[in-house]
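Contents: one structure, followed by commentary.
Keep in mind it's a predicted model, so treat the numbers as computed, not measured. Chain identifiers are assigned alphabetically (A, B, ...) following the order of the sequence lines, protein sequences preceding nucleic acid strands; residue numbering begins at 1 within each chain. These numbers come from the heavy atoms of this one structure, side chains and all, not from hydrogens, waters or symmetry mates.
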2 protein chains.
Amino acid sequence: MSKPAKLPRPARQDNRRQLVLDAAAAHFRARGFHAVSMREIARAAGMIAGSIYYHFPSKEDLFLAVYEEGVRSISARVREAVAGTDDPWERLSRACRAHTGMLLEESDYAQVILRVFPDDVPAARATLVALRDDYEMLFRELVDELPLADGVNRAMVRHMLLGALNWAKFWYRPGGMTPGEIADAMVAVLRNPAQSNEVRTDA
Amino acid sequence: MSKPAKLPRPARQDNRRQLVLDAAAAHFRARGFHAVSMREIARAAGMIAGSIYYHFPSKEDLFLAVYEEGVRSISARVREAVAGTDDPWERLSRACRAHTGMLLEESDYAQVILRVFPDDVPAARATLVALRDDYEMLFRELVDELPLADGVNRAMVRHMLLGALNWAKFWYRPGGMTPGEIADAMVAVLRNPAQSNEVRTDA
DNA sequence: TGCTAAAACAAACAAACGTTTGGTTTTTAT
DNA sequence: ATAAAAACCAAACGTTTGTTTGTTTTAGCA
């Protein structure tokens, strides 16, 4: 008989892994990957730089963990938002509101996705791109469900919508339009003609 | 009488300031501000790191010079593009094609604007934001000229358009749609209704 | 209570960073 | 031809970087 395999002792309850992750998310979101040092993250978590390496093997791995949580959380939030209805436009609107809310206000983790480019983290590049692509697939499905005019390029509609929403981080200011209002406005422009000579008021 | 002010001797003709600037633009565009070192830029220009400081007092100043040239060049290109016509939609279309072409293909300098955030360069932050705002003012005027339906939020239209175009850098691939086609497609979505039940074929 | 592994600290590492200093070459105006 | 300034090189500066190593503290189970 082989010896009974030793079960690894469970993690302590006072361990600060989550604290490190939160601090990393906050810093990466605010200043990007390269501008943030391990020492800054450690200090924000009340630790010393070397201690982080007990939980994460490298700075890039730490970042990857943050990014993964970012995608996971925004993905979950959007799925939950669209669950309530079957109307295609309403589902898209809800998804956009959730998406924009997370990216502009609610989550440091999600905002990291907009702040850091995959090329900033060479070792994790492919993984980051794959994660983001996975998330965008959600919107691909939502746009595919829409009743659009024949010949409308749905990929283009998706790219336009996500681009417009993501870019809002550059002009969004707290106190002005809320993320939800911004999302609604963008969807409305997509849905309705903007050109005056094509506008018709139902008579 | 004061002595006649000495005229500063003009710059030599073989000086490599422009070479440094080009190398810096190429590197900053590809990898951002913090990931690029002065030594890399110098090597690409066939020099040594310290030599750059003869032409630029600091890394941030070098970057600022690149960014300024980026804004200047894309601004000039767009102005030249719209000069040929008075039709508001045509002017916007031409501006968008020029804008997108510069940002996706033509100019390393212009692409730096999309790659580096003002916060990455603290000492130049305010200047960078001002430069970008100045450039966007061009599009503000173009959108203001459009014959849009009453109640359409023109700032939102502008933000949506620029966001959609700028974001294209994340999915644009050479060999697919050209920058010009992308710009046309985005303007078309703005101009025409996407929703099927509002589409009318003239009978 | 005492043992063990988890989780942290303290300190150092080599490498890379932006920048400075001082000297050398090269062009240009006189 | 000469002097002066422009343009660069060579080498080092002090600091910061991500990471490693060895040691200490501490929580949880027997």
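Heavy-atom neighbours of B/Arg79 CZ from other residues, nucleotides or ligands within 6.0 Å: at or below the threshold of 12.
In this structure a side-chain-to-backbone donor-acceptor pair under 3.5 Å is missing from A/Arg16 to A/Met47. Listed for the B/Arg154 side chain is a donor-acceptor partner under 3.5 Å among the backbone atoms of B/Leu146. The main-chain N or O of A/Gly70 is found under 3.5 Å from a side-chain atom of A/Ser73 such that the two form a donor-acceptor pair.
Close to C/dA8, at under 4.0 Å from its OP1 or OP2, lies a side-chain N or O of A/Arg16. Considering only side-chain N and O atoms, B/Asn15 lies under 4.0 angstrom from the phosphate OP1 or OP2 of D/dA7.
Between B/Arg191 and B/Asp184, none of the side-chain N atoms (NZ, or NE/NH1/NH2) sits under 4.0 Å from a carboxylate O, so this pair counts as no salt bridge. Look at A/Arg72 and A/Glu69 and you find a salt bridge, because one of the NZ, NE, NH1 or NH2 atoms lies within 4.0 Å of a carboxylate O, short of that distance. Salt-bridge check for B/Glu106 with B/Arg29: failed, with every basic side-chain N at 4.0 Å or more from each acidic carboxylate O.
When rounded to the nearest whole Å, the span between CZ of B/Arg12 and C1' of D/dA6 equals 4 Å. Separating the CG atom of B/Leu62 from the C1' atom of C/dC17 is a distance of 15 Å, rounded to the nearest angstrom.
In the region residues 34-42 of chain B, proximity to DNA chain C at under 4.0 angstrom, judged on heavy atoms, holds for B/Val36, B/Ser37, B/Met38, B/Arg39. Against DNA chain D, the stretch residues 47-60 of chain B makes heavy-atom approaches under 4.0 Å through B/Met47, B/Ile48, B/Ser51, B/Tyr54, B/His55. Residues from residues 18-29 of chain B with heavy atoms under 4.0 angstrom of DNA chain C: there are none.
A side-chain N or O of B/Tyr135 and one of B/His99 form a donor-acceptor pair less than 3.5 Å apart.
Taking the six-membered ring for Trp, A/Phe33 and A/Tyr67 have ring centres at least 6.0 Å apart. Aromatic pair B/Phe56/B/Phe63: centroids not less than 6.0 angstrom apart.
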